[in-house]
Amino acid sequence: MTTPDPLHRALHAPGPRPLPDEAARLLRTLDAPPRLAAHLRLVHDVAYELVEWLAEHCPGLQLDREAVLFGAATHDVGKAAHVCELSGPGSAHEEAGRELLLAHGVTPDRARFAATHAAWTLPDVGLEDLLVSVADKIWKNKRVPELEDLVVRRLAEASGRSVWEEFLALDDTLTAVGEGAEERLAFQTAHPV
């Protein structure tokens with residue numbers, strides 16, 4: 001019996017929810033670093049928690065749930081080409097990721113998350129993009145008030161509740177999600193770059 005390779009372990013180890021099949025296949029095709037696969041699983045898992053919460057909290061909200069989940073599952077795919085950005089700063093992976101997704105047949109509306117997850121201040125960024133950005137921060141319990149304020153305003157517009165009410169609800173949710181950061185960081189670092 002052979003031992004599963006490191007990428008297989010990162011994609012299938014117990015822990016975070018598995019990636020959508022399309023995202024997992026792409027990572028295998030790219031022979032992505034295991035740490036990247038682990039990171040994408042973690043952000044996808046957090047995005048799943050966020051969209052589940054939103055479905056309960058704001059049931060009338062117009063939201064492309066599958067786009068958020070796919071975006072979270074592929075947002076850093078460009079790091080397969082820019083591996084140094086897995087352990088250090090850099091933004092070359094953003095546009096490279098979008099181009100890579102397009103080259104592999106992903107539609108532009110889904111490929112955009114690779115570029116928008118770090119460009120959430122642009123005026124035409126949608127709620128789905130903001131949620132991927134939040135998931136990419138809160139998985140490790142990083143709070144970005146400016147980003148969260150954008151989400152809060154969108155939620156208040158959709159729900160008719162006050163900004164303050166939406167702030168408190170989102171804050172409680174992100175605080176709860178953030179409490180699992182240490183375990184998520186351990187999962188990610190257990191997989192090699």
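These values consider heavy atoms only, across backbone and side chains, with no hydrogens, waters or symmetry-generated copies. Counting begins at 1 with the first residue of the sequence.
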Can you classify the ring geometry of [X] versus [Y] as parallel (below 30°), tilted (30 to 60°) or perpendicular (above 60°)?
X      : Y     : result
His12  : His8  : tilted
Trp53  : His57 : parallel
His117 : His75 : perpendicular

Is there a donor-acceptor contact under 3.5 Å from the side chain of [X] to the main chain of [Y]?
X      : Y      : value
Thr116 : Ala119 : no
Arg110 : Thr107 : no
Glu85  : Ala92  : yes

Within-4.5 Å side-chain heavy-atom neighbours: [X] and [Y]:
X      : Y      : answer
Leu36  : Val83  : no
Phe187 : Arg41  : yes
Leu127 : Asp64  : no
Leu11  : Pro18  : no
Arg143 : Lys137 : no
Lys79  : Asp76  : yes
Val106 : Phe70  : yes
Leu40  : Thr74  : no

State plainly whether one hydrophobic cluster holds both Leu19 and Leu101, where clusters connect Ile, Leu, Val, Met, Phe, Trp and Tyr through side-chain heavy atoms under 4.5 angstrom apart.
yes
Taking only Lys NZ, Arg NE, NH1 and NH2, and the carboxylate oxygens of Asp or Glu, determine whether Asp45 and Arg184 approach each other closer than 4.0 Å.
no
Inspect the contact between Glu22 and Arg25 and indicate whether a charged nitrogen and a carboxylate oxygen are less than 4.0 angstrom apart.
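Judged by the 4.0 Å cut-off on N to carboxylate O distance, Arg25 and Glu22 do not form a salt bridge.
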Are there over 12 heavy-atom neighbours, none belonging to Glu183, within less than 6.0 Å of that residue's CD?
no
Is the charged tip of Arg65 near the ring of Tyr48: under 6.0 Å from the six-membered ring centre and within 45° of its axis?
yes
Can you see which heavy atom on Thr189 is nearest to which on Arg35, and at what distance?
O-NH2, 3.3 Å
